[in-house]
Amino acid sequence: MSSEQTFYDLVGGEETFDRLVRRFYEGVREDPVLKPLYPEDDFEGAEDRLRMFLKQYWGGPSTYSQERGHPRLRMRHAPFVIGEAERDAWLKHMGDAVNELQLPAEQESKLWQYLVYAAHSLVNA
């Protein structure tokens, strides 16, 4: 990866992160552990926020910060009870979504390692 090319660019940019988040939320909408954590009328908003965050984190547009400020992930997730069951369900659906991207092994590993780290860091119960 050159110093000018971000991970976001390397994996396919906007289209890749759109696919990732869309597939992830397909699973979440049907999950008995995760679905109750989302207001029924805000699935689209949650999907948009995750998509913007991941794009920005990996070197894409800074829309997330422009619209919402600093990510403060732990603070934003504090109102929700996130235990091992929620973490594991989140990782299951995110894993399915990552697998469907069919990224090269090195890129998939880098993305997955971050997602696992993030999921573990948000456990608060």
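The shown structure was predicted, so the numbers you read here are calculated from the model rather than taken from an experiment.
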Q: Please report the closest heavy-atom contact between Asp31 and Pro36, naming both atoms and the distance.
A: O-CD, 4.0 Å
Q: Taking all non-hydrogen atoms of both residues into account, name the closest pair between Phe17 and Val11 and its distance.
A: CE1-CG2, 3.6 Å
Q. So do Trp90 and Phe24 actually touch side chain to side chain, heavy atoms under 4.5 Å?
A. yes
Q) With a 4.5 Å limit on heavy-atom distance, are the side chains of Leu50 and Met94 in contact? A) yes
Q) Who pairs with Arg23 by side-chain hydrogen bond (donor to acceptor under 3.5 Å, both in side chains), at least two apart in sequence or on another chain? A) Glu100
Q.
Just verifying a value: how many Å separate Gln56 CD and Gln66 CD, rounded to the nearest 0.5 Å?
A. 8.0 Å
Q | Nearest atoms (heavy-atom pairs only) where Glu108 meets Asn99 | A | OE2-OD1, 3.8 Å
Q: Would you check if Asn124 and Glu86 make a side-chain contact, meaning some heavy-atom pair closer than 4.5 Å?
A: no
Q: Kindly write out the residues that satisfy salt bridge (charged side-chain N to carboxylate O under 4.0 Å, His left out) with Glu14, not counting sequence neighbours, or none if the list is empty.
A: Lys55
Q: Using the side-chain contact (heavy atoms from CB on, under 4.5 Å) rule, take Arg29 and Glu47 through it: C-alpha gap first, then chi angles, then the decisive distance, then the call.
A: CA-CA 11 Å; Arg29 289 174 194 264; Glu47 190 171 334; 3.4 Å; yes
Q.
Under 4.0 Å between a side-chain nitrogen and a carboxylate oxygen: does that hold for Glu26 and Arg22?
A. no
(Q) Let me confirm one number: the CZ-CD distance from Arg49 to Glu44, rounded to the nearest 0.5 Å. (A) 11.0 Å
Q. With sequence neighbours left out, what residues match Glu84 under side-chain hydrogen bond (donor to acceptor under 3.5 Å, both in side chains)?
A. none
**Q.** Distance-minimising heavy-atom pair for Ala125 and Val81
**A.** CB-CG1, 3.6 Å
Q. Does anything in residues 31-50 pair up under ring-ring contact (aromatic ring centres under 6.0 Å, His included), and if so which pairs, sequence neighbours excluded?
A. Tyr25-Tyr38, Tyr38-Phe43
(Q) How close do Val98 and Leu115 get, counting heavy atoms only, and between which atoms? (A) CG2-CD1, 3.7 Å
Q: Only counting residues at least two apart or in another chain, list the ones meeting side-chain hydrogen bond (donor to acceptor under 3.5 Å, both in side chains) with Asp96.
A: Lys92
Q) Given the rule in the side-chain contact (heavy atoms from CB on, under 4.5 Å) test, do Leu34 and Phe80 qualify, once you have shown the distances and angles that lead to the verdict? A) CA-CA 11 Å; Leu34 295 179; Phe80 308 102; over 6 Å; no
Q | Qualifying residues under salt bridge (charged side-chain N to carboxylate O under 4.0 Å, His left out), relative to Arg87, sequence neighbours excluded | A | none
Q.
Are Trp58 and Leu10 packed together at the side-chain level, in the sense that at least one heavy-atom pair is separated by less than 4.5 angstrom?
A. no
Q. Counting distance only, does the side-chain N/O of Gln113 pair as donor-acceptor with the main-chain N or O of Lys110 below 3.5 Å?
A. no
